Amino acid sequence: MPKEYRTIQEVAGPLMLVKSVENVKYDELGEIELADGQTRRCKVLEIDGSNALVQLFESSTGINLSNSKVRFLGRSMELGVSEDMLGRVFDGLGRTIDDGPEILPEERRDINGLPMNPAARAYPSEFIQTGVSAIDGLNTLVRGQKLPIFSASGLPHANLAAQIARQAKVRGTTEPFAVVFAAMGITFEEANFFIQSFRDTGAIDRTVLFINLANDPAVERISTPKMALTAAEYLAFEKDMHVLVILTDITNYADALREISAARKEVPGRRGYPGYMYTDLATMYERAGRQRGKKGSITMIPILTMPEDDITHPIPDLTGYITEGQIILSRELYRKGVTPPIDVLPSLSRLKDKGIGKGKTREDHASTMNQLFAAYARGKDAKELMVILGEAALSDIDLIYAKFADEFEEKYISQGYDNDRSIEETLDIGWELLRILPRSELKRISDKLLDEYYEKH
């Protein structure tokens with residue numbers, strides 16, 4: 001039986017100081033029993049000699065210092081995992097919130113997990129089809145990769161996240177595929193949108209949802225992605241599944257980290273975020289990947305809104321260091337009505353070369369991708385010139401490139417949120433657009449491929 005302490009010294013907001021404790025460890029869970037028998041949960045934030053600073057998961061209202069008791073449970077936060085989690089909805093502390101029965105866990109796991117040993121990692125190389133042309137065709141996602149989406153407030157990243165979660169698949173295999181979706185600090189309407197979107201399309205059957213609402217405590221927000229990754233590790237490395245983890249919104253997570261850091265009176269770093277934010281994000285992102293000798297894999301798409309559209313803000317800045325590329329959403333494309341508004345030129349998937357080509361997608365993928373990038377970049381330049389100098393100042397070939405840029409945005413990038421394109425469809429649309437340009441302009445594609453695909457109408 002855990003020892004009970006009646007030595008609560010003070011309560012300040014979500015923090016509470018307990019004196020004269022023995023053998024209590026950092027991150028340990030505790031229970032506070034109020035005079036009327038109510039219990040509230042807490043976790044240890046700091047140990048200083050025999051003093052423990054704990055953070056409450058619920059509010060501190062009604063805690064009477066002299067009549068309340070504290071018990072420390074001797075373990076950190078755990079999640080009961082089982083294959084029955086698929087198709088279920090949980091809160092940020094791993095409790096079911098979908099009116100279904102409780103999960104009977106096969107085992108209980110510490111949610112902090114262990115980052116993968118670099119020597120045990122296998123190199124990501126298999127293509128994942130998201131059904132979104134701007135990602136599949138130009139910034140290809142591969143199994144075991146961490147590819148964040150950089151969005152901004154007001155842009156439809158929720159729609160894109162739900163679309164990827166519904167459509168993502170590993171092609172050409174019968175290997176089981178699952179999605180673990182964790183939403184942090186979202187509104188009730190957004191939570192409803194995700195749950196409904198997955199239910200309507202049947203994607204919920206292979207999805208585990210963790211939902212933390214904006215009015216839930218900050219400490220719960222910090223545990224949400226860890227809960228999700230613990231579930232993903234179990235499904236991937238124990239049950240041999242290929243798991244796609246989508247985390248939205250990392251900005252809310254980092255703000256919760258800052259809130260707790262400020263409550264602990266820690267010295268702030270850039271923009272008030274704690275100095276250890278890089279380490280904290282890295283321990284989370286690095287739980288994705290492939291392990292040698294294990295069939296399963298964890299691929300991660302963290303989504304973050306850049307405060308004030310600033311890509312140099314600490315959250316996107318640090319995320320960019322740790323992950324393998326980024327997909328950037330553009331306000332300008334959004335205003336034009338392009339859905340999803342993915343800005344392909346500054347977007348980048350550092351592992352795209354590894355997941356494409358013959359036997360993975362198609363032999364013409366790499367060269368058409370390079371040609372589309374080059375033509376779109378030139379077309380955008382031509383359109384900027386047109387704005388400054390007028391249409392008459394452009395050469396005939398520049399006018400063709402300007403037309404190409406418009407068609408590319410309209411037909412290739414813009415596809416709506418319900419259109420699931422196979423990689424073959426995406427590549428064929430690419431060729432259709434390249435036919436706008438004269439063959440002599442397609443310098444990045446071999447004659448053999450041009451003979452086979454460009455001439456084919």
Side-chain angles (χ1 to χ4, degrees), residues 121-149 164 167-175 177 242-244 288-292 294-301 323-328 342 344-378 404 408 411-413 415 419-435 437 439 441-457:
R121 284 182 177 275
Y123 204 87
S125 64
E126 292 106 330
F127 168 67
I128 288 182
Q129 180 176 293
T130 63
V132 179
S133 291
I135 298 176
D136 292 350
L138 302 173
N139 293 294
T140 317
L141 177 67
V142 297
R143 254 191 253 173
Q145 184 178 5
K146 307 176 285 293
L147 186 63
I149 293 174
I164 293 171
Q167 295 180 177
K169 57 177 81 68
V170 178
R171 287 166 42 105
T173 71
T174 52
E175 293 170 330
F177 186 78
H242 293 290
V243 184
L244 175 65
R290 307 211 56 184
Q291 277 186 22
R292 291 183 197 282
K294 297 276 175 88
K295 286 182 185 166
S297 62
I298 298 178
T299 308
M300 188 189 288
I301 299 183
T323 53
E324 291 110 14
Q326 68 277 332
I327 302 287
I328 296 178
I342 294 173
V344 295
L345 293 179
S347 296
L348 165 73
S349 164
R350 293 196 182 101
L351 300 177
K352 63 185 172 197
D353 304 343
K354 308 291 179 286
I356 63 176
K358 198 168 182 178
K360 290 180 179 175
T361 52
R362 208 165 73 183
E363 71 224 347
D364 57 318
H365 192 155
S367 40
T368 52
M369 172 174 76
N370 294 336
Q371 190 66 65
L372 287 167
F373 269 125
Y376 181 50
R378 185 163 168 192
F404 172 87
F408 180 75
K411 290 186 179 159
Y412 194 96
I413 300 174
Q415 65 177 75
N419 187 353
D420 185 358
R421 288 182 183 162
S422 69
I423 186 63
E424 289 77 16
E425 278 176 75
T426 292
L427 292 170
D428 291 345
I429 294 167
W431 277 110
E432 196 183 305
L433 290 164
L434 289 173
R435 289 190 195 107
L437 303 170
R439 179 168 170 157
E441 288 292 311
L442 307 181
K443 300 184 177 74
R444 293 163 188 269
I445 304 177
S446 69
D447 282 334
K448 177 177 170 288
L449 289 175
L450 286 171
D451 290 342
E452 187 177 340
Y453 292 99
Y454 183 80
E455 305 299 342
K456 186 173 81 178
H457 279 282

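Keep in mind that this is a model prediction, so the values were computed, not measured. These values consider heavy atoms only, across backbone and side chains, with no hydrogens, waters or symmetry-generated copies.
Here CE of Met369 is found 11.0 Å from CG of Asp364. Values are rounded to the nearest 0.5 Å. Separating the CZ atom in Arg362 from the CG atom in Leu449 is a distance of 9.5 Å, to the nearest 0.5 Å. Distance check: Ile298 CD1 to Gln291 CD gives 8.0 Å after rounding to the nearest 0.5 Å. With rounding to the nearest 0.5 Å, the separation of CG in Asn139 from CD1 in Ile328 is 9.5 Å. Note that the CD atom of Gln145 and the CZ atom of Phe127 stand 11.5 Å from one another [nearest 0.5 Å].
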Practice prompt. Mind running side-chain contact (heavy atoms from CB on, under 4.5 Å) on Met300 and Leu147 for me, showing each step along the way?
Written response: CA-CA 6 Å; Met300 188 189 288; Leu147 186 63; over 6 Å; no

Item to complete: Applying side-chain contact (heavy atoms from CB on, under 4.5 Å), run through Asp451 and Arg439 and close with a yes or a no.
Response: CA-CA 10 Å; Asp451 290 342; Arg439 179 168 170 157; 2.8 Å; yes

Worksheet item: Run the salt bridge (Lys or Arg N to Asp or Glu O under 4.0 Å) check on Arg378 and Glu441 step by step: do they pass?
Response: CA-CA 11 Å; Arg378 185 163 168 192; Glu441 288 292 311; 3.4 Å; yes

Distance-only donor-acceptor pairs under 3.5 Å for side chains of residues 351-360, two or more places apart:
from   : atom 1 : to     : atom 2 : distance (Å)
Lys360 : NZ     : Ser125 : O      : 3.2
Lys360 : NZ     : Lys354 : O      : 2.8

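Residues Glu452 and Trp431 form no side-chain contact, since every pair of their non-hydrogen atoms from C-beta on lies 4.5 Å or further apart. Using a 4.5 Å heavy-atom threshold, the side chains of Leu427 and Thr368 count as touching. Ile135 has its side chain within reach of Ile164: a pair of non-hydrogen atoms, C-beta onward, lies under 4.5 Å apart.
Closest of all the heavy-atom pairs between Gly144 and Pro124 is O-CG, 3.9 Å. For the residue pair Val170 and Phe177, the shortest heavy atom distance occurs at CG2-CD1, 3.5 Å. Contact detail for Ser297 and His242: the closest heavy-atom pair is OG-ND1, 2.8 Å. Shortest non-hydrogen contact noted between Leu434 and Tyr454 is O-CE1, 3.6 Å. The two residues Thr426 and Ser133 have their closest heavy-atom pair at OG1-OG, 2.9 Å. Pairing each heavy atom of Pro148 with each of Gly325, the nearest pair is CD-O, 3.0 Å.
Under the 3.5 Å distance criterion, with hydrogens and angles disregarded, no donor-acceptor pair is assigned to the side chains of Gln326 and Ser347. No hydrogens or angles considered: nothing links the side chains of Ser367 and Arg444 as a donor-acceptor pair under 3.5 Å.
Under a 3.5 Å cut-off, the side chain of Arg290 and the backbone N or O of Ala122 do not form any donor-acceptor pair. Judged by distance alone, with hydrogens and angles left aside, the side-chain atoms of Arg143 form no donor-acceptor pair with the main-chain N or O of Thr299 at under 3.5 Å. The backbone N or O of Leu141 sits nowhere less than 3.5 Å from a side-chain atom of Ser349 that would complete a donor-acceptor pair. With hydrogens and angles ignored, the 3.5 Å screen pairs a side-chain donor or acceptor of Glu425 with a backbone N or O of Ser422. Proximity of a side-chain donor or acceptor of His365 to a complementary backbone N or O of Gly137 within less than 3.5 Å is detected. Side-chain atoms of Gln129 come within 3.5 Å of backbone atoms of Ile423 as a donor-acceptor pair (strictly under, hydrogens ignored).
Under the ring-ring contact (aromatic ring centres under 6.0 Å, His included) criterion, Phe408 pairs with Tyr376, Phe404, Tyr412, sequence neighbours left out. Every residue two or more places apart in sequence or in another chain that forms a side-chain hydrogen bond (donor to acceptor under 3.5 Å, both in side chains) with Asp136 is listed here: Thr130.
Classification of Arg421 and Asp428 as a salt-bridged pair fails, no side-chain N sitting under 4.0 Å from a carboxylate O. Between Glu363 and Lys448 there is no salt bridge, since no side-chain N of the basic residue sits under 4.0 Å from a carboxylate O of the acidic one. Residues Glu324 and Arg350 are not paired through a salt bridge, judged by the lack of any N-O separation under 4.0 Å between the basic side chain and the carboxylate. Comment: Arg171 does not engage Glu126 in a salt bridge, judged by the lack of any side-chain N to carboxylate O separation of less than 4.0 angstrom.
Screening Ile149, Ile327, Leu138 against Ile342 for a side chain to side chain contact (heavy atoms under 4.5 Å, CB included) leaves a single residue, Ile327.
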